[in-house]
Every structure is written in C-alpha cells, then in structure tokens.
Amino acid sequence: QVQLVESGGGLVQAGGSLRLSCAASGRTFSIYSMGWFRQAPGKEREFVAVISWPGRRITYTDSVKGRFTISRDNTKNTVYLQMNSLKPEDTAVYYCAADRSYSTASQDYDYWGQGTQVTVSS
C-alpha cells in the first residue's frame, strides 16, 4: 500500500502561482511513477503531469506546458507541482497518484490522494 497526502491548494488570482505537494508513505516510493490529475465540477478527471522514477521522464498535458512543472524529491518521498501563470480554467480539485507503470491514464493508477482544491479567480 502507498498512502498519498496532497497539500498546497488554495485561492489565487489569475496570473498567480501555487505549489502543490504530495507526500507518500508506505511502500517504497522510489519504484513508482507519480502523476497529477485534476477534476473540475461537472467534468471528468483529466491528466495533468507525470514523472517517472527517478525523474528522468516527464510528460505534461498540452494546456499546462510552459506553466506547470512537476518534480520529485526522493529523499523526502514527495512529488511537487509548481503552477505558474494560473488561469481560471485551472480551477479544479488536484489529485496525486502513484503507479508502477508510466502512464497518463487515470485508470492505470493504483493509489490516489484525497485531493486539494485549487481555485483561480479572474
């Protein structure tokens, strides 16, 4: 089992920044790829970014490229999502997830955090 706890969400104005953190515990963090997903009201959960172990491979969804940065600190068992130039359409609950495979599909992930709300005002 892997337990994931997100933090760092909040309310920010358009153009602002937030950094989300996801702390992992339980099984060895190092064998898992870590993904970020988000779900806006009335919409399906969508892929945001994924980082492999130990961090050499990264993929972003097109809408966040150049604005968001995913990273991981394997000494702290933590993955981060730095979000800059935020837009109102980034408003959603953000979830981190862990899986042994490297995937952009939410159904491939075995472990999920509880989510953290990000609200971007215009």
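What you are looking at is a predicted structure, and each value in this text was computed from that prediction instead of being measured. Position 1 is the first residue of the sequence; numbering continues from there.
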Kindly check if the number of other-residue, nucleotide or ligand heavy atoms within 6.0 Å of CD (Q1) is above 12?
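No, the 6.0 Å shell around CD holds no more than 12 heavy atoms from other groups.
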Do the side chains of [Y] and [X] get nearer than 4.5 Å, heavy atoms only?
| X | Y | result |
| --- | --- | --- |
| V120 | E89 | no |
| M83 | V118 | yes |
| F68 | W36 | no |

What side-chain donor-acceptor pairs closer than 3.5 Å can you find for residues 13-22, not counting sequence neighbours?
from	atom 1	to	atom 2	distance (Å)
S17	OG	N84	OD1	2.9

Closest non-hydrogen atom pair, T78 against A23:
OG1-CA, 4.1 Å
Using the rule that two of Ile, Leu, Val, Met, Phe, Trp, Tyr join whenever any of their side-chain heavy atoms come within less than 4.5 Å, decide whether [X] and [Y] are in one cluster.
| X | Y | answer |
| --- | --- | --- |
| Y80 | V64 | no |
| I58 | V48 | yes |
| V93 | F47 | yes |

So how far is it from [X] [atom1] to [Y] [atom2], rounded to the nearest 0.5 Å?
| X | Y | atom1 | atom2 | answer |
| --- | --- | --- | --- | --- |
| Q82 | I70 | CD | CD1 | 12.5 Å |
| S106 | E44 | OG | CD | 8.5 Å |
| N77 | M34 | CG | CE | 9.0 Å |
| I51 | S33 | CD1 | OG | 9.0 Å |
| L11 | Q117 | CG | CD | 9.5 Å |

Evaluate the criterion side chain to side chain contact (heavy atoms under 4.5 Å, CB included) for residue pair D110 and Y32; output intermediate values, then yes/no.
CA-CA 10 Å; D110 290 332; Y32 291 92; 5.8 Å; no
Mind jotting down which residue pairs meet the disulfide bond (SG atoms under 2.5 Å apart) criterion with at least one end in [range]? Sequence neighbours excluded, please.
| range | result |
| --- | --- |
| residues 31-71 | none |
| residues 44-74 | none |
| residues 47-86 | none |

E6 side-chain N/O to Q114 backbone N/O, donor-acceptor pair under 3.5 Å
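Confirmed, E6 side chain pairs with Q114 backbone.
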Kindly say whether S101 contributes a backbone atom to a donor-acceptor pair with the side chain of S103 at under 3.5 angstrom?
no
Not counting sequence neighbours, which residues clear salt bridge (Lys or Arg N to Asp or Glu O under 4.0 Å) with D90? List them please.
R38, R67
Listing request: all ring-ring contact (aromatic ring centres under 6.0 Å, His included) pairs with a residue in residues 84-110, at least two apart in sequence or in separate chains.
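Qualifying pairs, neighbours excluded: F37-Y109.
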